[in-house]
Amino acid sequence: MGALKCATRSGSEIMLPHATVDGFRSRVLGGVLSRGDDGYDRARVVLNAMNDRFPALIVQCGGVADVREAVMFARENNLLVSIRGGGHGVTGNAVCNDGLVIDLSRMRSVRADAVTRTARAEGGATWGDFDRETQAFGLASTGGIVPTTGIAGLTLGGGIGYLNRKYGLACDNLISADVVTADGRVLKASVEDNADLFWGLRGGGGNLGVVTSFEYRVHPVGPVLGGELIFPLDRAKETLRFYRDWSLAAPDEVRADATLLSGPEGPALAFIVCYCGSIDDGERVLRPLRQFGPPIVDTIGPSPYARIQNLLTEVLAPGFCHYWKSGFFRTFSDDAIETLVDFFAADVPSPFAAVAIEHLGGAIGRVGERDTAFSHRRAQHSCLVLRAWRDPAASHDNIAWGRSCYGAMEPFLEQGVYVNYLGDEGESRVRAAYGANYQRLAALKQKYDPANLFRMNQNIAPAVGRATGMAS
């Protein structure tokens, strides 16, 4: 008869009889893949090419019933479980070695309602899927800055994006969610239904269940005024000081991210700008930044919102190895600017390396730090060190550069970190990611997932019985 080797949640191995696996396959409408099956290798690929993992089973869910079957099968057999939405997480936790992957990528439908200004999307949808449907009505909600990013991972971690200063985070626009919990229940989470679960979903990562659909508020957006500005590296310090002061005073309609980058054409300081108000007002608001210097490249103009969402698609394309490290600035001070530019200019690596200063504030800060599980509400700018390379053999040097760069900036950063940018950095950084809300999330974890079935994430140990524990 034979058997299939599988990893358990405790790290041991079991052999599942093929008859047991075949019985499971027969109950899953969407399909179940294992090694050797057509489509298996495609289904196990994630954004970060440093992660090359081989699951025992990939459950390509066709709907909520399939998700529930997968959760119950994994629970009954004590299998290691991961959940795949868009597969963009830098840790690669969407896929696990020798475990069971609950793959939502076939569940991608999106339905927008122009009358109620709401949109409902299945858990495997990407922001490209979402924007395509909502923009047909001239609507949008805060979403990821690359269209292949999954809506699920981004929203569950908080969800910053080009509209965050006007309309808040992705999780701030969440109205309700349908969730399959670790015991196989299918729950609605909203302000009225399972309110504690709804609170935890808005920033608690994938710790509390498998979200099979999300309902969002959407807003009139487009065309926007946006594009790129590029300045030479030797003018970066003065330009960043000007940008800092300008961005702190800017209206909510604008998000402008500054990035020191090493690209194919050499090092430079680049800005990606998105103004989501009237074009005339945007021209006035952006004029000081566009005229400072002036820049050597200026592509800003009226544009479909989806075009701005695609500006970083090439940089974050599959096939690259990635190392990210991130934090929130206490203040983006003159000393921080001096340190950053000096470090970057002294050791400019070959493509691709970047340090992005992301523009926060606005509507993000008008939500209380305990109102949602995402607690990092006061920061005006964040810092993301990003290193990408093709050759896995070059990983050591590239990671070392990323760590050194972050180390230079660390004195200017808060302890907190955006969970969606967090790598495998240890329990203290996980706690910092959830911030002031960690203990409340741990209590929710105990309530909804006491055996820590959902552990392939930035894991929160249940408040009681912590030995079931942290992911290694």
_For the student: nearest non-hydrogen atoms of Val224 and Cys276, plus distance_ = CG1-CA, 4.0 Å

*What do the steps show when you test Asn78 against Arg9 for side-chain hydrogen bond (donor to acceptor under 3.5 Å, both in side chains), and what is the final call?*
CA-CA 6 Å; Asn78 192 32; Arg9 297 197 296 276; 3.3 Å; yes

*Taking 4.0 angstrom as the limit, do Glu253 and Lys166 come out as a salt bridge?*
yes

*So Asp66 and Arg106, salt bridge (charged side-chain N to carboxylate O under 4.0 Å, His left out) or not? Walk me through it.*
CA-CA 11 Å; Asp66 283 354; Arg106 292 188 176 185; over 6 Å; no

*How about Asn173 and Thr142: do any of their side-chain heavy atoms sit closer than 4.5 Å?*
yes

*Sub-3.5 Å donor-acceptor pair from the side chain of Arg53 to the main-chain atoms of Val95, do we have one?*
yes

*Can you tell me how far SG of Cys321 sits from CZ of Arg387, rounded to the nearest 0.5 angstrom?*
11.0 Å

_Heavy atoms of other groups near Asp38 CG, more than 12 under 6.0 Å_ = no

_Would Arg377 pass as a cation-pi partner of Phe374, given that its NZ or CZ must be under 6.0 Å from the six-membered ring centre and within 45 degrees of the axis?_
no

*Donor-acceptor contact below 3.5 Å, side chain Thr134 vs main chain Leu139*: yes

*Under 3.5 Å: donor-acceptor pair, side chain of Lys188, backbone of Ser176*: no

*Find the distance between CE (Met72) and CZ (Phe24) and round it off to the nearest 0.5 Å.*
11.5 Å

*asked:* Once rounded to the nearest 0.5 Å, what's the spacing between atom CD1 of Ile357 and atom CZ of Phe329?
replied: 4.0 Å

*Does the ring center of Trp127 lie less than 6.0 Å from the ring center of Tyr216?*
yes

*Please answer whether the main-chain N or O of Asn420 pairs with a side-chain N or O of Trp324 as donor and acceptor at a distance below 3.5 Å.*
no

*Rounded to the nearest 0.5 Å, what's the gap from CD1 on Ile102 to CG on Leu57? Could you check?*
11.0 Å

*What's the shortest heavy-atom distance between His376 and Gly416, and which atoms?*
CE1-CA, 3.6 Å

*Check: Asn398 and Tyr323 side chains under 4.5 Å, non-hydrogen atoms*: no

_Working to the nearest 0.5 angstrom, can you tell me the gap between Tyr275 OH and Asp252 CG?_
9.5 Å

*For the residue pair Glu13 and Thr8, what are the closest heavy atoms and their distance?*
C-CG2, 4.5 Å

*Between Asn97 and Phe54, is there a donor-acceptor pair closer than 3.5 Å when you use the side chain of the first and the backbone of the second?*
yes

_Would the distance check show the side chain of Thr339 and the main-chain N or O of Ala336 forming a donor-acceptor pair, the cut-off being under 3.5 Å?_
no

_4.5 Å side-chain heavy-atom contact, Val110 and Ile151_ = no

*Short question: side chain of Asn437, backbone of Thr372 - any donor-acceptor pair under 3.5 Å?*
yes

*Run the numbers on Leu208 and Phe454 for side chain to side chain contact (heavy atoms under 4.5 Å, CB included), then give the verdict.*
CA-CA 7 Å; Leu208 302 177; Phe454 305 119; over 6 Å; no

*Hey, does Gln439 have a side-chain heavy atom less than 4.5 Å from the side chain of Arg431?*
yes

*Is there a donor-acceptor pair closer than 3.5 Å between any side-chain N or O of Glu76 and the backbone N or O of Val71?*
no

*Would you call Asp52 and Arg44 a side-chain contact if the rule is heavy atoms closer than 4.5 Å?*
yes

*Are Arg25 and Ser34 close enough that a side-chain donor and a side-chain acceptor fall under 3.5 Å?*
yes

*Can you list the steps and then say if Leu79 with Leu16 is a side chain to side chain contact (heavy atoms under 4.5 Å, CB included)?*
CA-CA 10 Å; Leu79 300 181; Leu16 279 184; 4.2 Å; yes

*asked:* Between Val179 and Asn194, is there a side-chain heavy-atom distance shorter than 4.5 Å?
replied: no

*Between Tyr434 and Ser375, is there a donor-acceptor pair closer than 3.5 Å when you use the side chain of the first and the backbone of the second?*
no

*asked:* Any non-hydrogen side-chain atom of Glu358 less than 4.5 Å from a side-chain atom of Tyr421?
replied: yes

*Neighbour count above 12 (heavy atom, 6.0 Å) for Arg217 CZ*: yes

_Electrostatic pair Arg120-Glu215, nearest N-O below 4.0 angstrom_ = yes

*asked:* Using 0.5 Å steps for rounding, measure from the CD1 atom of Ile364 to the CG atom of Leu169.
replied: 4.5 Å

*asked:* Using a strict threshold of under 4.0 Å (side-chain N to carboxylate O), is an ion pair present between Asp172 and Arg366?
replied: no

*asked:* Looking at every heavy atom in both Cys6 and Ala56, which two are closest together, and how far apart are they?
replied: SG-CB, 3.7 Å

*Keeping the roles fixed (side chain from Ser82, backbone from Ala94), state whether a donor-acceptor pair exists under 3.5 Å.*
yes

*Counting heavy atoms not belonging to Arg27, are there more than 12 under 6.0 Å from its CZ?*
yes

*May I have the step-by-step check of side chain to side chain contact (heavy atoms under 4.5 Å, CB included) for Thr148 and His88, ending in yes or no?*
CA-CA 8 Å; Thr148 51; His88 258 246; 2.8 Å; yes

_For Phe332 and Tyr243, take the angle between the two ring planes, folded into 0 to 90°, and tell me which bin it lands in: parallel under 30, tilted 30 to 60, perpendicular over 60._
perpendicular

*Might you point out which heavy atoms bring Ser190 and Ile175 nearest each other, and give the distance in Å?*
CB-O, 3.6 Å

*Evaluate the side chain to side chain contact (heavy atoms under 4.5 Å, CB included) criterion for residues Val417 and Arg429: first the C-alpha distance (whole Å), next the side-chain angles of each, then the deciding distance (0.1 Å), finally the verdict.*
CA-CA 7 Å; Val417 56; Arg429 286 282 280 174; 3.6 Å; yes

*Do other residues, nucleotides or ligands put more than 12 heavy atoms under 6.0 Å from the CZ atom of Arg307?*
yes

*Is the centre of the Phe352 ring less than 6.0 Å from the centre of the Phe320 ring?*
no

*asked:* Using the rule side chain to side chain contact (heavy atoms under 4.5 Å, CB included), only one of Val180, Val32, Val67 pairs with Cys61; which is it?
replied: Val67

*Close side-chain approach of Pro147 to Asp131, heavy-atom, < 4.5 Å*: no

*Where is the tightest heavy-atom contact between Asp257 and His359, given as atom of each residue plus distance?*
OD1-N, 2.9 Å

